[in-house]
Amino acid sequence: MYYFHLVMKIALIGYGKMGHEIEKILVSRGHTIPLIIDFDNTDQLTAENLNACDVAIEFTTPATAYGNIVSCLEAGIPVVCGTTAWLDRLPEATEICQRNGGAFFYASNYSIGVNIFFAVNRQLARMMNRFPEYDVTLNEVHHVQKKDAPSGTAVTLAEDILTGIDRKTSWQLGTTTDPEKLEVTAQRRSVVPGIHTVVWESEADTITIDHTAKNRSGFAMGAVLAAEFLAGKRGAGKVYGMKDLLGF
Ligand SMILES: NC(=O)C1=CN([C@@H]2O[C@H](COP(=O)(O)OP(=O)(O)OC[C@H]3O[C@@H](n4cnc5c(N)ncnc54)[C@H](OP(=O)(O)O)[C@@H]3O)[C@@H](O)[C@H]2O)C=CC1
Ligand SMILES: O=C(O)C1=N[C@H](C(=O)O)C[C@H](O)C1
């Protein structure tokens, strides 16, 4: 997967921490970036400018992601989005993608390590369905600039745990003593790129799984791999995720 790829023209929408990290990887893989959109030139996000590119990669803010995705889909350009906390509008984006014969890729976390961690989390939750003596909690830590809580990654982990076990019916941000609720806590500290921890606890013992991002390079590499994956998908009318890219 890392060795062969088409060289593409990529539109970068959002030129903050992730936009800059993705730019480094795009350049190192021979891609060019004819269009960069940030908060101060959003008027440049036109169908004409987008159509000078093969794929767009969107990492902006919870409030702006949906509009940017729709602009890409309506312009007929495949789009990879990593922005979190806008997913209440995913059904609408999916409908627009299908109607326009678009190609849309979304993941709450593009890191391959995190996606392996997701698979371990799903497997552990399925096993724990037989062992009600274990309670489960989830914690995430991120840098102080992060706008949303809990993180999109924590939401994915929580939803996968709820799918795996019958004894929890929903997740809640903050502490709770309700046994049917999955407690999800979030801390904001310094420049932490992202730490996610799932704890299963019984009277007898504790099982902890965690993922710590050392920097943003894993997120950025995964987003670029997703863009390369979308290269041949123009006109597909489909929404893709990391399971399509990685096979698990
Ligand atoms: N899926 C994944 O793997 C990952 C997802 N993320 C998510 O990606 C998003 C971005 O993260 P990050 O790069 O750290 O955030 P940053 O705040 O560093 O960057 C976002 C950039 O987008 C700009 N922006 C605001 N509005 C628009 C707009 N309408 N069009 C284009 N650009 C705009 C912001 O400008 P201004 O600051 O002026 O608002 C800022 O420069 C977050 O939702 C985060 O949770 C982050 C890492 C990995
Ligand atoms: O905002 C961030 O930084 C991150 N956001 C994503 C999330 O909300 O899960 C992914 C990663 O944890 C970093």
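As the structure is a computational prediction, the values presented were derived from the model and not from experiment. Every number for a ligand or one of its atoms is a count from 1 in the order of the listing. Numbering starts at 1 and runs along the sequence shown.
Ile112 pairs with exactly one of Asn115, Ile116, Val114, Asn109 by the side chain to side chain contact (heavy atoms under 4.5 Å, CB included) rule, that one being Ile116. For the pairing with Gln44, the side chain to side chain contact (heavy atoms under 4.5 Å, CB included) check across Thr42, Thr46, Asn41 returns one residue only, Asn41. Screening Thr156, Thr153, Thr84 for a side chain to side chain donor-acceptor pair (under 3.5 Å) involving Ser108 leaves a single residue, Thr156. Results of the side chain to side chain contact (heavy atoms under 4.5 Å, CB included) test with Trp86 over Asp148, Thr61, Ile69, Thr60 single out Ile69 as the only residue that passes.
Which parts of ligand 2 touch Ser151 is read off a 4.0 Å heavy-atom cut-off, strictly below it: atoms 7 (C), 8 (O), 9 (O). The Gly152 neighbourhood of ligand 2 comprises atoms 7 (C), 8 (O), 9 (O), with distances under 4.0 Å to a heavy atom of that residue. Within ligand 2, counting atoms from 1 as listed, the ones closer than 4.0 Å to a heavy atom of His143 are 1 (O), 2 (C), 3 (O). Heavy-atom proximity to Lys146, at under 4.0 Å, picks out these atoms of ligand 2: 1 (O), 2 (C), 4 (C), 5 (N), 6 (C), 7 (C), 8 (O). Every atom of ligand 2 with a heavy atom of Asn109 under 4.0 Å away is listed here by number and element: 10 (C), 11 (C), 12 (O).
Atom 3 (O) of ligand 1 has Tyr110 N, 2.9 Å as its closest protein atom, hydrogens excluded (heavy atom only). Distance from atom 33 (C) of ligand 1 to its nearest protein heavy atom, with residue and atom name: Phe39 N, 3.6 Å. Counting protein heavy atoms only, atom 19 (O) of ligand 1 is closest to Gly16 CA, 3.3 Å.
Under 4.0 Å from ligand 1, heavy atoms of Thr83 appear from its side chain as well as its backbone. By the criterion of a heavy-atom distance under 4.0 Å, neither the backbone nor the side chain of Leu45 is placed next to ligand 1. At a heavy-atom cutoff of 4.0 Å, ligand 2 is contacted by the backbone of Pro193 but not by its side chain. Using a 4.0 Å cut-off between heavy atoms, Ser108 contacts ligand 2 through its backbone alone, with no side-chain atom that close. At a heavy-atom cutoff of 4.0 Å, ligand 1 is contacted by the backbone of Ala107 but not by its side chain. Residue contacts with ligand 2, taken as heavy atom pairs separated by less than 4.0 Å, do not involve Glu140 at all. In Gln145, neither the side chain nor the backbone holds a heavy atom less than 4.0 Å from any atom of ligand 1. With a 4.0 Å cut-off on non-hydrogen atoms, Ala85 does not touch ligand 1 at all. Under 4.0 Å from ligand 2, heavy atoms of Thr153 appear from its side chain as well as its backbone.
Between Tyr15 and His20, the distance separating the two ring centers is shorter than 6.0 angstrom. For an aromatic pair to be called close, the ring centres must be under 6.0 Å apart, and Tyr240 with Phe229 satisfies this.
The N/O atoms of Arg216, backbone and side chain alike, include none that comes under 3.5 Å of an N/O atom in ligand 1. For the pair His142 and ligand 2, the shortest N or O to N or O distance falls below 3.5 Å. Residue contacts with ligand 1: Thr84 is placed with a nitrogen or oxygen under 3.5 Å of a nitrogen or oxygen of the ligand (distance criterion only). Any N or O atom pair closer than 3.5 Å counts here, and His196 shares no such pair with ligand 2.
Side-chain N/O atoms of Glu228 and His31 include a donor and acceptor closer than 3.5 Å. When only modelled atom types and interatomic distance are considered, Lys238 and Gln98 share no side-chain donor-acceptor pair under 3.5 Å. Inspection of the His196 and Ser151 side chains reveals an N or O donor paired with an N or O acceptor under 3.5 Å. Looking at Ser202 and Asp205, their side chains do bring a donor and an acceptor atom within 3.5 Å of each other. A donor-acceptor pair shorter than 3.5 Å can be found between the side chains of Ser217 and Asn215.
Of the listed residues (Lys17, His143, Met221), the one carrying the non-hydrogen atom nearest atom 17 (O) of ligand 1 is Lys17. The residue from Thr60, Asn115, Leu12 that puts a heavy atom closest to atom 31 (C) of ligand 1 is Thr60.
Under a 4.0 angstrom heavy-atom cut-off, Lys17 registers as lying outside contact with ligand 2. Taking 4.0 Å as the cut-off, Gly82 does not count as a neighbour of ligand 2 on heavy-atom distance.
In this structure, Lys9 does not pair ionically with Asp54, as no charged nitrogen and carboxylate oxygen lie closer than 4.0 Å.
Of the protein's heavy atoms, none falls inside 4.0 Å of atom 37 (O) of ligand 1.
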Intermediate values then yes/no, side chain to side chain contact (heavy atoms under 4.5 Å, CB included), Arg167 and Tyr134: CA-CA 10 Å; Arg167 58 189 179 274; Tyr134 285 87; 4.1 Å; yes
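Summarising the local packing, CD of Glu48 is surrounded by 12 or fewer heavy atoms from other residues, nucleotides or ligands at distances under 6.0 Å.
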